[in-house]
Number of protein chains: 2
Amino acid sequence: MVVLSRGGRDAASNESAKAADIDKEESDALFTSSLARGLMVLEAFAQQPGPMSLSEIAGIAGLNKSAVQRLAHTLLKLGYLERHKNGLTPGRRVLDRAYDYLKGSPLIRRSVPVLANLRTSFNERVDLSLFDDLTIMYVSRMHGKPEMSHAHLIGRRLPTYCTAGGRAIMSHLPESEVLDILERSERRKLTSRTATEIADILSLIERAREDGFAMSVEELLIGDITVAAAVLDAKGRPVGAVHLGGGTGDWSPEEFARRAGPLALTAARELSGD
Amino acid sequence: MVVLSRGGRDAASNESAKAADIDKEESDALFTSSLARGLMVLEAFAQQPGPMSLSEIAGIAGLNKSAVQRLAHTLLKLGYLERHKNGLTPGRRVLDRAYDYLKGSPLIRRSVPVLANLRTSFNERVDLSLFDDLTIMYVSRMHGKPEMSHAHLIGRRLPTYCTAGGRAIMSHLPESEVLDILERSERRKLTSRTATEIADILSLIERAREDGFAMSVEELLIGDITVAAAVLDAKGRPVGAVHLGGGTGDWSPEEFARRAGPLALTAARELSGD
DNA sequence: CAAATCGTATCGATATACGATACGAACGTA
DNA sequence: TACGTTCGTATCGTATATCGATACGATTTG
């Protein structure tokens, strides 16, 4: 019997917890729940970034105190947790694992020179994101003008439905899959200009399909304008996007699209076809 | 009984495996070895970044095939591993955990504007690293001139003994601790100019103690020159370093020290004392 | 000073992870 | 075509490692 309380599971993964998943896991002889529970302890810090006590972790992860005691003890010893004065925090070891991921990814490896060149020819923010269902995850950033670098950390996730990158990606997906994503997305207005109606988003995606790149003007952050083009794998499936970002103070949307769009598209094509 | 084969343990952690650790772990009722074994599966990718089969993982991690089958199955389901055509690779979930770490760290949070300003006033590479015994780990980078950005990824570790940051950090440690670090370090010549003799390194550290910052000229990479100052916690213990890097084509070591040294020191002080 | 909460330690029961084994598919070679 | 290897996957009886209730001293809080 695999004991995975609903609360803990939902807390851990925001998207992949469809209704059927739980049934699957319950009848899964190969599933090692000790490992899953240990990871739940780490995942608790997604909900509360700061230091936490064992009981707090237990509450968020949906585990009893004894389990958290043992699992945290183990993670502490292995460096995946660290002891601070106010409680436990994630440990530096997690960055080692992230490094392994980045180092092992051919896409990310190849992207370094391409993005660096892109930043040379266009002195603005350059990002690479990976497609992951309802979110896109930022994995690489080359800063443009320092005044525009609001803290974007590696591993940050943003919604697929309202980002330029997400829409560029969706423009390479079949309609049914796009609708599935949009319907499952919690489409909130992050700014007053965020497109949240499915019809509106579909027409923006259609536009992106024609242009080869997508644009988002102040939909995530006032003052920010982003253009993005999708990176495809060998089979033509979108796996990520190249983003170029600038400030509305420096650019009109039309100018930005004219200048940045083709650059993003070229770079994305260069990275495509692993 | 905690079954942790020597090979697997060593593979996983390069520094914290002192002789006593194994005895400790053997008589540790709280240690959850299933969790540890699961993490060993992930840690295998530190040795071989690319896609691996179950057997390959088993070989590197020092686990039998059945264990890897179950653990990998679990990690796969949770997103910590991904399936590629040639085998398994780390999954995007590991980047989520890294994000939690970065987001939860007050030092890293505070460093973003400071490093951005630093890059404004000094148009070269700016890094933040964290001290971790024999290595320092890079956690933040602001790129300078694109032509100088060789791929430095988040989570990369470099030796403490031969980096400017490491020596800046050691200049704030008691002599006994410095000697301990130097003696346990495998001091190799990474370039012809790498300082490897303990006496030489100690005098460089002494120099750093006087100046407030350390310098490393082509000790890691020919053509590269780095200056760094240590970031201290509230108790005055070094926790990391601010690095400024430039090219030997653009700077003489003396010029670079005169210009970059004080900037690194100021930034490091600004980040100190949490 | 009492109550709550912290981290830590102990321990018996049993659910759980273990690992040997088997099987079909895919691949490369003879 | 046939064979040998290695892959991923599935099964299962057993031993034990994990479980979770419980207890304790130290701190903190009201």
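Within every chain, numbering begins at 1; the chains are lettered A, B, ... in the order of the sequence lines, protein sequences first and strands thereafter.
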Within the pair [X] and [N], is there a side-chain N or O less than 4.0 Å away from OP1 or OP2?
X        : N       : value
Ser34(B) : dA17(C) : no
Ser33(B) : dT18(D) : yes
Thr32(B) : dA17(D) : no

Given atom [atom1] of [X] and atom [atom2] of [N], what is their separation to the nearest angstrom?
X        : N       : atom1 : atom2 : answer
Arg37(A) : dT18(D) : CZ    : C1'   : 8 Å
Asp28(B) : dT18(D) : CG    : C1'   : 13 Å
Leu75(A) : dT18(D) : CG    : C1'   : 15 Å
Arg70(A) : dC11(C) : CZ    : C1'   : 12 Å
Leu71(B) : dT16(C) : CG    : P     : 16 Å
Asn64(B) : dT21(C) : CG    : C1'   : 12 Å
Leu35(A) : dA17(C) : CG    : P     : 9 Å

Exercise. Is there a donor-acceptor contact under 3.5 Å from the side chain of Asp132(B) to the main chain of Thr135(B)?
Worked result: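 Looks like no, no N/O pair under 3.5 Å.
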Exercise. Do any N or O atoms from the side chain of Tyr161(B) and from the backbone of Arg188(B) form a donor-acceptor pair under 3.5 angstrom?
Worked result: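 Yes.
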Exercise. Are any of the side-chain nitrogens in Arg37(B) or Glu43(B) under 4.0 Å away from the carboxylate oxygens of its partner?
Worked result: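 The answer is no: the pair does not qualify as a salt bridge.
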Exercise. With the threshold set at 4.0 Å, does a side-chain nitrogen-carboxylate oxygen contact exist between Asp100(A) and Lys103(A)?
Worked result: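 Looking at Asp100(A) and Lys103(A), the cut-off is not met.
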Exercise. What bend angle does the helix from dC1(C)-dG30(D) to dA30(C)-dT1(D) show across its length, from five-pair end axes and to the nearest 10 degrees?
Worked result: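 What I find for the helix from dC1(C)-dG30(D) to dA30(C)-dT1(D) is an axis angle of 50°.
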Exercise. Under 4.5 Å between any side-chain heavy atoms of Val41(B) and Leu81(B), yes or no?
Worked result: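 A side-chain contact exists here, since the closest heavy-atom pair is under 4.5 Å.
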For this session: May I ask you to check whether Tyr80(B) and Arg97(A) show a side-chain donor-acceptor distance below 3.5 Å?
Result: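 Looking only at side-chain atoms, Arg97(A) and Tyr80(B) do not form any donor-acceptor pair under 3.5 Å.
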Exercise. Considering residues, nucleotides and ligands other than Arg209(A), do more than 12 of their heavy atoms fall under 6.0 Å from its CZ?
Worked result: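 Enclosed.
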Could you list all N or O pairs between the protein and nucleotides 6-11 of chain D that sit under 3.5 Å apart?
residue	atom	partner	partner atom	Å
dC7(D)	OP2	Ser55(B)	OG	3.0
dG8(D)	OP1	Leu54(B)	N	3.4
dG8(D)	OP2	Leu54(B)	N	3.4
dG8(D)	N7	Lys65(B)	NZ	3.3
dA10(D)	N7	Gln69(B)	NE2	2.8
dA10(D)	N6	Gln69(B)	OE1	3.3

Exercise. Using 30° and 60° as the class limits, which term best fits the ring planes of His73(A) and Phe31(B): parallel, tilted or perpendicular?
Worked result: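 Perpendicular: the ring planes of His73(A) and Phe31(B) meet at over 60°.
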Problem set entry | Selection residues 81-92 of chain B - residue pairs positive for side-chain hydrogen bond (donor to acceptor under 3.5 Å, both in side chains), sequence neighbours left out |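 For residues 81-92 of chain B, and leaving out neighbouring residues, the side-chain hydrogen bond (donor to acceptor under 3.5 Å, both in side chains) pairs sorted by first residue read Glu82(B)-Arg92(B), His84(B)-Thr89(B).
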